[in-house]
Structure formats: C-alpha cells, structure tokens
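Naming convention: chains lettered A, B, ... in sequence-line order (proteins, then strands); numbering from 1 in each chain.
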Amino acid sequence: MKHLIACLAIATLVAAAGCKKDATPEATATHAAATADSGGSLKGDFGPPQGKPIEAILTSPPHVPPPTGRDYPAKVIVELDVVEKEMEISEGVTYTFWTFGGTVPGSFIRVRQGDTVQFHLRNMPDSKMPHNIDLHGVTGPGGGAASSFTAPGHVTRFTFKALNAGLFVYHCATAPVGMHIANGMYGLILVEPPAGMPPVDKEYYVMQGDFYTSGKYREKGHQDFDMQKGIDENPTYVLFNGSEGALTGDKALTANTGENVRLYVGNGGPNLVSSFHVIGEIFDKVWFEGGTRFNENVQTTLIPAGGAAIMDFHLEVPGSYVLVDHSIFRAFNKGALAILKADGAERPDIYSGKEVDAMYIGDRAAPNLAAVSTAAKAQQSGDLTVEEQVEAGKALFAGTCSTCHQPSGEGMPGVFPPLAKSDYIAANPKRVPEVILHGMQGPVKVNGQDYNSIMPPMSQLTDDEVANISTYVLNTWGNPGGRVTKADAAEIRKVKPANASEGH
Amino acid sequence: MRRIAALLCLLPVAAVAIAAAGGAAWVKLPGGNFRSALKYEDARQVKLAPFELQKRPVTNAEFLEFVKSHPQWRRDKVASVLAEGRYLSHWAGPETLGGDVLPEQPVVQVSWFAASAYCEAQGGRLPTWSEWEYAAAADETRRDARMDPIWRERILGWYSKPSNQALPRAGLQTPNAWGVQDLHGLVWEWTDDFSSLLVSGDNRTQGDADKFKFCGAGALSMDDRENYAVLMRVAMLSSLDADDTTANLGFRCARDVK
C-alpha cells in the first residue's frame with residue numbers, strides 16, 4: 001500500500017514538472033489510481049502546452065476518435081459547427097434538430113488531461129438561433145457558455161485547460177436551455193487520464209436523449225417541439241443517438257467474440273435519468289459517472305441527465321445484445337433501444353441457445369416469437385402454410401390483442417367486442433385485417449350486443465404480422481376460416497375506411 | 001391551396017402599391033402600462049407613450065429605394081464599422097435585387113445601423129423592445145394573448161421550422177388585434193435598444209451578482225420563465241452586435257405620435 005502511494009507521488013511529480021517522460025507502466029498507474037486519490041484539478045496542470053498545436057479529430061457517433069497517444073500536454077484546437085437541420089427521428093417522422101457537428105449527439109471530442117484546448121464554436125449562417133456551449137470538462141464559470149454565445153453566421157473562441165480527467169457531457173446553454181438540449185444539442189468530451197485509457201478492441205459512442213414532439217409516438221410527418229411536454233417531463237421519444245433505429249439493423253454496433261468492447265455512454269437529457277443496461281451482458285468494468293474509479297461486474301448503471309459513464313465488457317457468446325434504458329417502457333414504447341451484434345463461433349458451453357435474440361431483436365415487447373420467425377422465413381421462401389400463419393398469429397395475438405379481446409377471444413361484454421364466433425367477422429372476414437390496420441370507432445353490433453368504443457389502429461404491425469394475426473383469428477374460436485396474405489394486408493393498409501379511428 | 005395561390009397572385013400588386021407610397025402603412029397603438037415578460041429592476045410595469053408602428057416589416061423593394069437615394073448605404077460603399085461583410089449580400093448587386101430576391105420579401109442581412117438610418121429617413125426610428133413586445137403580445141383577436149399556451153406554441157412552431165428556405169413575402173399573415181402583421185412567424189426584427197437586453201449568454205446565471213458588470217439598467221432577467229417564446233427572441237437579439245446581419249433578421253420602423 002505504502003509502496004503504491006509512493007509510486008503515484010513520483011509519477012505525479014514528474015508530470016507536474018512538465019517534462020517528457022516514459023509513460024508510467026499502465027498496470028501500476030491503474031492500480032495506483034484505484035488505491036489513491038488522483039489529486040483532481042489541483043494535480044491536473046502539467047504546465048504549458050508543448051510541441052505544435054494539434055487539430056482535434058472529431059468523430060460522428062457511434063465512432064470514437066483514436067487515443068491521443070501523447071505523454072505530454074499539448075495545445076489542442078477544436079472546431080465545432082452548430083447546424084440546425086431537419087432529420088428523421090423515426091421512420092417517416094421528421095424533426096428539426098439543433099446539432100453540434102450535424103449529428104445527435106454531437107461530435108465526440110478526445111483530449112488528454114492537462115491539454116490546453118482552444119475551442120472554436122461556429123454557428124452556421126442559416127441558423128435561426130444563437131447558440132453556445134457548456135462543456136462539463138471546463139473549469140470556470142458557465143463551463144464556457146458565456147464565452148461562446150454565438151449569433152448565426154458567427155464564430156467565437158475561448159480556451160481552457162482540461163484539469164480533470166473523465167468523460168464529460170457538453171451541451172448548449174442558451175435560453176431556453178431545456179429546448180436547446182431537447183433539440184439534440186449535446187455530446188461528449190473525453191479527457192484521458194495521463195496514462196490513457198486501458199486499450200480495448202472496439203470503442204463506441206452512444207448517447208441517450210429524451211424528445212418532445214407535438215404529435216404522438218411514431219405519428220408520421222414533420223413534428224414540432226412541444227414545450228409543454230418538455231416542462232411536464234413527458235417525452236414522446238427516448239432515443240439512443242437521436243433517432244429510432246440509429247443503432248439497429250444495418251446500423252447496429254458490431255464486434256467479434258473474444259473482443260473487449262468499450263462504450264462511452266452519455267445522457268443528454270434534458271429530463272430523464274437513464275438506467276443503462278445491455279441485455280445479455282454484464283459490464284466487466286464501469287467507470288461510473290464517467291469518473292476515475294471503476295466498479296466491476298455491473299448489470300445496470302445509472303447515468304444522470306448531464307452525466308456519462310464508461311463501460312467495458314468482454315464478448316464470449318455471439319448474437320445480438322440489446323442496449324436499453326431499463327426503465328423499460330422507454331425501450332419498447334419510446335425507442336430507447338440499440339443493438340450490438342457480436343460475430344463469432346457459438347459457445348454452447350457458456351450459453352446454449354439463441355432464443356433471447358429472437359425475442360428482443362424486434363422493436364417491441366412480445367412473448368416467445370419463435371413461431372413468428374418460422375412464419376417470416378416461410379413467407380420469404382414462398383411456402384408459408386396456413387398452419388404456420390396461425391401459429392405465428394397466435395403468438396402475436398397474445399402480445400398485441402389479448403389484453404382487450406382476451407386470450408379466449410371473447411372480449412368484454414359492452415366494452416371490447418368478441419372475436420370468438422363473431423357474426424361481424426363472419427359477415428365479412430376482410431374486416432379483421434381492416435380493423436387491425438385502421439382501428440375502428442362508432443357504434444357496431446356484434447353477436448347481438450351493441451358496442452361503441454374506439455380501437456386504435458395497430459398500424460405499427462408489419463404486413464406479415466397483420467396477415468398472421470388475421471389468419472389466426474379467422475381459423476380459431478369457431479370463425480369461418482380463410483386466410484389473409486401479406487399482399488392482402490399491404491392492400492388494406494392503403495385504404496382507410498370511413499370508420500377508421502384517429503390513432504393512439 | 002388554390003386559395004393561397006390566388007392570394008399570392010394578387011398580393012404583389014398590393015405590395016407594389018404600398019411600396020410606391022413610400023413604405024408600409026403606419027398603425028397607431030395607444031400605449032399605457034404594460035407588463036413585460038422581462039424583469040426590470042425599477043418597476044413592475046413599463047409605461048409606454050402612444051406610438052405608431054409600421055404594419056409589416058420593411059421589404060427589399062423599400063430598402064432598395066432607400067439605398068438608391070442614400071448611396072452611402074450601398075453594400076459596396078457602406079463603412080465597415082456600420083455593417084459587416086454580409087450586409088445585403090443576398091442581393092444580386094449593390095442596387096439590384098436579382099432573380100432570387102423578391103421585392104416583397106422582408107429585407108434581411110441588414111445591420112442595426114442601416115436599419116436605424118432607414119427609419120430616420122422615413123421620419124421614424126426603430127421601435128424600442130418594450131414597444132415591440134407590447135405590439136407583439138397580441139394575437140388576431142386579443143391585445144394580450146401571452147398567457148394562452150396556443151399563442152406560445154404557434155410562435156415556438158416558427159422557431160422550430162428549418163431556416164434554410166426562402167422567406168415568405170411580408171404582409172401575408174392576418175393582422176393582429178392592433179392591426180399589425182408579421183410580428184411573429186416571418187423574421188427576427190431589430191429593436192432600437194437591443195444592446196441593453198442583457199440576457200446573459202449563459203441562461204442559467206440570471207440574477208447573478210455578475211450582472212452588475214454590465215452598465216445597462218435594462219432588462220436583466222426574465223420575469224416570466226415559462227414564456228420561452230419571448231425569451232428566445234431576447235436571446236437572439238442579445239447575441240448580436242450593431243454591425244451584424246443575419247439571414248433571418250429584418251426590421252420595421254416606429255415613430256412618436258405628435
């Protein structure tokens with residue numbers, strides 16, 4: 001113990017003298033940091049910048065700039081553009097984002113503790129708003145905000161010395177701050193400790209944010225910012241990297257088994273605190289709150305609004321790992337979901353099967369959907385049977401429809417019409433997919449009883465899913481049978497009947 | 001849609017007619033005691049003398065006329081301390097609007113100095129912030145609609161629209177309860193005393209002792225935190241210097257009632 005402290009003291013003395021030196025052996029530094037106080041900002045000034053000024057490499061999410069690789073303090077020049085632009089927040093839904101560097105979150109900045117950072121903030125000429133930047137890694141009132149207030153078509157400059165190591169959020173602090181942040185004005189700056197971060201195979205940049213649109217979740221078209229929802233802290237979307245699907249499908253994060261992966265995760269807020277979790281993985285290390293110490297073997301780490309965390313994990317088993325805010329409705333109903341795809345050989349000695357992937361790859365909560373993927377495969381290969389459709393539809397029905405229409409299909413008298421032995425369905429089986437896709441409102445008589453309530457359209461379901469659910473309903477509970485194909489569903493989706501409901 | 005198209009066809013004629021008459025019509029406002037959304041150190045209310053305000057923002061055609069008769073305000077002749085490099089840079093030439101700039105669009109890329117000079121030439125001045133705020137508190141039917149969330153949402157709606165599209169013509173929107181048009185939803189507008197709107201660049205330090213480093217006795221803080229619509233306009237104005245110009249900042253003139 002005493003030995004280690006002495007070690008650190010020597011390292012710090014050498015650094016404080018501002019001399020070039022061989023980097024402290026990493027193991028010693030890490031170990032020492034874990035047992036002793038790093039000294040904070042008081043020990044973070046390694047003297048005046050040395051060498052030639054360096055232009056910082058900025059990266060768009062989910063990418064992270066390479067390590068600085070330096071063992072001396074430098075002058076680092078950061079040039080960041082403020083861009084107001086319309087982008088997709090969800091499929092078919094656009095929103096005017098205000099961005100640092102044209103992306104949400106903004107460009108990732110990487111410097112080393114002790115660096116002198118000359119910061120240029122450039123507000124594009126066609127911006128409507130003035131903007132500024134508050135970097136949580138800045139020591140000084142406002143974190144740079146008052147020194148960087150920038151009118152459209154202007155550039156401002158200020159300089160700071162990065163005295164504290166850590167992962168820090170930056171954000172716009174122009175009035176009204178909440179709106180500027182809610183429109184996407186945040187990002188991360190990593191101030192590496194003097195010895196750098198321990199090397200890993202892959203590094204990624206993910207940032208959560210909550211969004212407040214005038215329309216409902218997934219309501220198509222251009223959506224305006226809704227101030228009242230913001231004040232009420234009632235977001236329409238909770239997202240990783242600024243749009244639904246920013247990190248899924250083709251855009252999923254990738255890695256190989258056997259690799260160490262590091263995530264730099266921030267939370268821009270403006271309102272929500274994130275319970276950050278990766279389904280199917282355990283964080284080997286979490287530098288909680290983006291600070292100097294790490295915790296080990298963590299399932300879920302809390303990331304406050306305006307805070308960040310670094311997490312490392314080693315990948316053993318191939319498959320899809322789902323990043324979520326474990327305040328779980330946000331994941332499945334507001335979009336807080338991303339995928340990390342791990343390639344490599346199966347490891348049945350560690351994990352036997354892949355059911356978990358099938359369950360969570362989709363973008364909403366659902367029961368065991370093995371039957372659904374079987375049906376989807378059969379649909380693609382062109383030999384989908386009615387039986388397969390019924391099986392898939394049954395699983396989907398349990399997740400989507402049974403809360404109201406009941407697992408038995410009998411509904412609730414006077415409230416939710418029955419689907420079992422329904423004369424309404426028998427009279428026109430096409431009504432099943434039609435009502436699923438377009439909803440229904442107004443009076444209707446089913447099996448002799450009057451109903452007058454609203455069913456919201458379930459247009460979030462794919463044509464496949466609508467076809468399978470419809471086919472299941474038609475072939476169950478004494479209904480007349482028959483089949484609805486994907487093509488039928490696609491046709492019906494296009495035509496809105498007169499009694500369609502307005503949606504959720 | 002067809003109705004709007006028809007309207008657009010008619011308007012240039014009307015606009016030209018007004019331009020020929022030497023600028024927009026003037027609307028008289030009675031003034032009186034007004035509760036500002038800004039917090040003043042000395043008084044809860046602002047007292048306003050009766051004044052007149054132009055019905056809509058100054059247009060390219062009107063400003064072109066001014067530049068022709070006051071060549072010291074041509075973009076190639078203006079003193080650089082009075083207008084930055086982008087002054088009228090969207091026009092095709094110093095005395096030519098060009099194909100992309102419509103005569104009836106509000107003039108933008110004008111500095112505060114240029115705007116003030118224009119108003120002086122019309123026998124007026126730029127409105128004070130208080131006058132502007134008072135006139136702009138109205139909607140189509142009420143003289144003070146500021147407590148109505150819908151009023152705020154409409155204004156914020158404009159703030160959230162992308163700013164990279166062509167500006168509509170001035171004078172298209174329905175007049176407000178005072179008979180004034182386009183105070184919201186078209187362009188930002190200079191005010192005479194914009195530089196005393198000392199909303200801090202850092203929104204969170206208002207009320208801080210630091211504010212005394214500024215000598216102005218003007219508006220230092222927001223009294224109406226929820227009124228983001230007003231706050232954002234003040235933030236915009238306070239980010240500017242008097243020689244600055246932006247692509248969506250124009251102006252209109254006011255004058256005293258004699």
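More than 12 non-hydrogen atoms from other residues, nucleotides or ligands lie less than 6.0 angstrom from CG of B/D76. Within 6.0 Å of CZ on B/R74 lie more than 12 heavy atoms contributed by other residues, nucleotides or ligands. Atom CD of A/E91 is surrounded by 12 or fewer heavy atoms from other residues, nucleotides or ligands within 6.0 Å. Shown here is A/R157, whose CZ atom has no more than 12 heavy atoms of other residues, nucleotides or ligands within 6.0 Å.
When every heavy atom of B/M232 is checked against every heavy atom of A/A175, the shortest pair comes out as CG-O, 4.1 Å. Across A/W98 and B/Y159, no two heavy atoms sit closer than the pair CZ2-O, 3.9 Å. The minimum heavy-atom distance between B/A235 and A/T174, with the atom names listed, is CB-CG2, 4.4 Å. Nearest approach of A/D224 to B/G157, heavy atoms of both residues: OD2-CA, 4.1 Å. Listed here is the closest heavy atom pair of A/D126 and B/N248: O-ND2, 4.4 Å.
The line from CD of A/Q228 to CD of B/E153 is 7.5 Å long, rounded to the nearest 0.5 Å. How far OG1 of B/T246 is from NE2 of A/H154: 8.0 Å, rounded to the nearest 0.5 Å.
The main-chain N or O of A/G153 is found under 3.5 Å from a side-chain atom of B/R86 such that the two form a donor-acceptor pair. Side chain of B/W188 to main chain of A/K128: a donor-acceptor pair is present (N/O by atom type, distance under 3.5 Å, no hydrogens or angles).
Residue A/S214 does not touch chain B at all, counting heavy-atom pairs closer than 4.5 Å.
Proximity of B/M236 to A/P152: side-chain heavy atoms (C-beta onward) are separated by under 4.5 Å at one or more points.
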